[in-house]
Amino acid sequence: MRPPPPPLLLLLLLLGGRGAAASPADSLSQLPAPRNPKVHLYNAERVLSWEPVSLSNDSRPVVYQVQYKYASGSQWYDFSVDSIGVNCMNITTTECDFTPTSPSQEFLPHLNVSLRVRAKVGDLVSTWVRVPWFQYLRNVTVGPPENVWVTPGEGSLVIRFSSPFDISPSSATFLYYVHYWEKGGIQKVKGPFRSNSIVLNDLKPLREYCLQVKAQLVWTVSKLSRLGHLSNVSCYETAADATTKLQQIIIIAVGIFLLLLALAGACFFLVLKYKGLIKYWFHSPPTIPLQIEEYLKDPSQPILEALDKDSSPKDDAWDSVSIVSFPEKEREDVLQSTLN
Ligand SMILES: *[C@@H]1O[C@H](CO)[C@@H](O)[C@H](O)[C@H]1NC(C)=O
Ligand SMILES: *[C@@H]1O[C@H](CO)[C@@H](O)[C@H](O)[C@H]1NC(C)=O
Ligand SMILES: *[C@@H]1O[C@H](CO)[C@@H](O)[C@H](O)[C@H]1NC(C)=O
Ligand SMILES: *[C@@H]1O[C@H](CO)[C@@H](O)[C@H](O)[C@H]1NC(C)=O
Ligand SMILES: *[C@@H]1O[C@H](CO)[C@@H](O)[C@H](O)[C@H]1NC(C)=O
């Protein structure tokens with residue numbers, strides 16, 4: 001086993017290796033470079049970010065500079081408002097957001113782009129750090145379709161949504177898929193669809209279905225495609241179709257009919273059972289005028305006098321008398337005497 005080289009020798013070796021690059025390389029390497037640069041490509045968002053450089057003995061602010069290059073060329077360009085619509089030449093933030101705000105201010109989505117970033121403090125600069133090359137259409141992460149709007153139909157669901165983001169139709173198009181399942185059932189996938197409106201029409205009426213939609217970004221020229229994320233699960237109940245509606249109406253009608261029948265039957269039964277009682281309630285016995293009742297209790301009392309007591313002299317006694325036409329002889333006598 002070889003003994004490790006003494007530290008002094010190692011240092012001399014390192015310094016010797018650098019000798020050729022001399023003065024400018026030394027001043028450049030004094031500032032540490034930003035670490036872990038990453039390109040974030042999500043829907044329309046395009047952001048380059050990195051970890052900050054911190055200097056313990058320098059109070060001056062650290063700024064960062066970002067540049068881009070196309071694979072077809074060798075020239076690096078600054079991120080300036082003129083070139084790309086954003087200024088990332090001397091920024092203090094640790095990210096450069098180059099999300100296009102207008103179609104003219106973007107890298108063409110099919111171009112092979114490389115990015116690099118470095119830190120600067122005063123005259124000091126760090127080395128450049130590069131991020132892997134990317135083509136927007138190849139590397140973008142496609143989010144779920146947005147504003148998913150579902151209208152339950154008769155044994156169907158109509159799904160409408162908007163695309164995850166806007167893309168020039170000349171460079172790429174979206175295709176859509178819908179994952180759906182009856183609650184507790186197995187999942188099915190329908191697609192691809194070009195339209196932002198999908199109709200699932202082989203569903204059972206009055207059942208709850210859950211669904212998710214996803215987009216696929218298809219790069220027109222290369223036929224490369226990126227599958228997007230699924231939207232959140234949402235569940236809906238299908239409406240009744242014509243036959244189930246008819247069934248419902250028939251069931252309700254039959255139900256009402258049976259109910260009425262049962263009520264009628266119950267009434268009939270009650271009437272039969274409590275016949276006497278009902279008769280008693282509905283036909284109260286005719287009441288006899290008080291004087292006549294008294295007279296009937298005590299027939300010796302002269303009825304006409306009893307009646308005359310109450311009626312005025314002008315009143316015709318005939319009527320009162322004619323009402324009380326009893327067959328008994330006793331009263332016929334009374335009647336006779338009155339007529340005479
Ligand atoms: C302090 O900062 C200077 C550059 O401003 C650098 O050359 C030097 O190495 C730093 N010292 C330490 C201890 O970090
Ligand atoms: C993009 O450019 C890099 C070099 O900058 C190259 O290695 C890579 O293969 C290119 N990618 C495509 C798809 O052309
Ligand atoms: C950025 O900072 C450098 C010095 O580090 C300076 O020379 C240059 O003019 C600045 N550019 C802008 C656009 O501020
Ligand atoms: C873009 O995708 C290619 C492979 O398709 C990969 O090699 C490259 O590193 C990706 N670029 C970024 C920035 O992730
Ligand atoms: C999807 O669900 C997650 C958490 O469940 C929520 O944070 C997110 O906002 C939802 N997305 C939409 C588009 O509703």
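Every number for a ligand or one of its atoms is a count from 1 in the order of the listing.
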Tell me every residue that passes salt bridge (Lys or Arg N to Asp or Glu O under 4.0 Å) with Glu146, counting only those two or more places apart in sequence or in another chain.
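Counting only residues at least two positions away or on another chain, Glu146 forms no salt bridge (Lys or Arg N to Asp or Glu O under 4.0 Å).
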Which residues share a salt bridge (Lys or Arg N to Asp or Glu O under 4.0 Å) with Lys188, sequence neighbours left out:
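Checked Lys188 against salt bridge (Lys or Arg N to Asp or Glu O under 4.0 Å); zero matches.
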Checking side chain to side chain contact (heavy atoms under 4.5 Å, CB included) for the pair Val121/Leu55: CA distance, chi angles, key distance, verdict?
CA-CA 9 Å; Val121 175; Leu55 295 174; 3.5 Å; yes
Step by step, would you call Thr99 with Asp97 a side-chain hydrogen bond (donor to acceptor under 3.5 Å, both in side chains)?
CA-CA 6 Å; Thr99 303; Asp97 185 344; 2.7 Å; yes
With rounding to the nearest 0.5 angstrom, report the CH2 to CD distance, Trp76 to Gln67.
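Spacing of CH2 (Trp76) from CD (Gln67) equals 7.5 Å.
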Tell me, which residues have any heavy atom less than 4.0 Å from some atom of ligand 2?
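Under the 4.0 Å cut-off, ligand 2 touches Ala71, Asn112, Ser114, Trp133, Gln135, Arg138.
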Listed once per pair and sorted, the ring-ring contact (aromatic ring centres under 6.0 Å, His included) pairs that draw on residues 145-167, sequence neighbours left out:
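Passing the test, one end in residues 145-167: Phe161-Tyr176, Phe165-Phe174.
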